[in-house]
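Encoded as structure tokens, the structure appears first; notes follow it.
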Amino acid sequence: HGDADIFVMAFDPDDPEGDARAVNLTSSTGGDFNPVFSPDGTTIAFTSERHLPHTEIEYWQMLSRLGHGGEIYLMAGDGTEVRRLTPRRST
């Protein structure tokens, strides 16, 4: 749909050419970026522009390219229980 999403895929180091399929964990109006698993593998922290009204997304994508990230989100490792950790800053 044109927005960046987060995918996961199983990896078996003994079978790197295996039949693993990527699973889409996010599908929001804004892009989802920079996913990082927690040390125990149960949660994923990421940045996102999903909180912005669609008309503001291009503006915030420009700011992201200049080093200004979106808000920080956390979700379960299976893509459920998404919650925003940082509030939107007013300008």
Side-chain angles (χ1 to χ4, degrees):
H1 53 77
D3 296 317
D5 287 325
I6 297 172
F7 291 77
V8 293
M9 186 168 73
F11 175 70
D12 180 354
D14 295 326
D15 185 18
E17 302 293 325
D19 192 29
R21 303 268 182 224
V23 176
N24 186 348
L25 297 182
T26 63
S27 183
S28 66
T29 309
D32 300 317
F33 308 96
N34 307 311
V36 178
F37 271 95
S38 62
D40 66 2
T42 60
T43 57
I44 301 170
F46 64 100
T47 58
S48 181
E49 298 165 344
R50 63 177 53 212
H51 59 284
L52 297 174
H54 190 56
T55 56
E56 294 183 50
I57 289 175
E58 288 183 27
Y59 172 74
W60 286 97
Q61 285 174 337
M62 177 196 70
L63 289 180
S64 293
R65 285 192 296 273
L66 296 172
H68 303 273
E71 298 298 335
I72 300 172
Y73 285 77
L74 193 66
M75 68 179 165
D78 63 0
T80 61
E81 303 176 35
V82 177
R83 61 188 167 108
R84 185 166 56 172
L85 299 180
T86 57
R88 180 172 175 199
R89 288 163 263 176
S90 59
T91 56

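Applying the 4.5 Å side-chain rule to ILVMFWY residues, one finds L74, L85 in the same cluster as I72. Through direct or relayed side-chain contacts under 4.5 Å between Ile, Leu, Val, Met, Phe, Trp and Tyr, V8 connects to I6, V23, L25, F37, I44, F46, Y73, M75, V82.
Across all non-hydrogen atoms, the minimal contact from R84 to E71 is CD-CB, 3.7 Å. The minimum heavy-atom distance linking S27 with D32 is given by the pair N-OD2, 4.4 Å.
In this structure, OG1 in T43 is found 11.0 Å from CG in D78, a value given to the nearest 0.5 Å.
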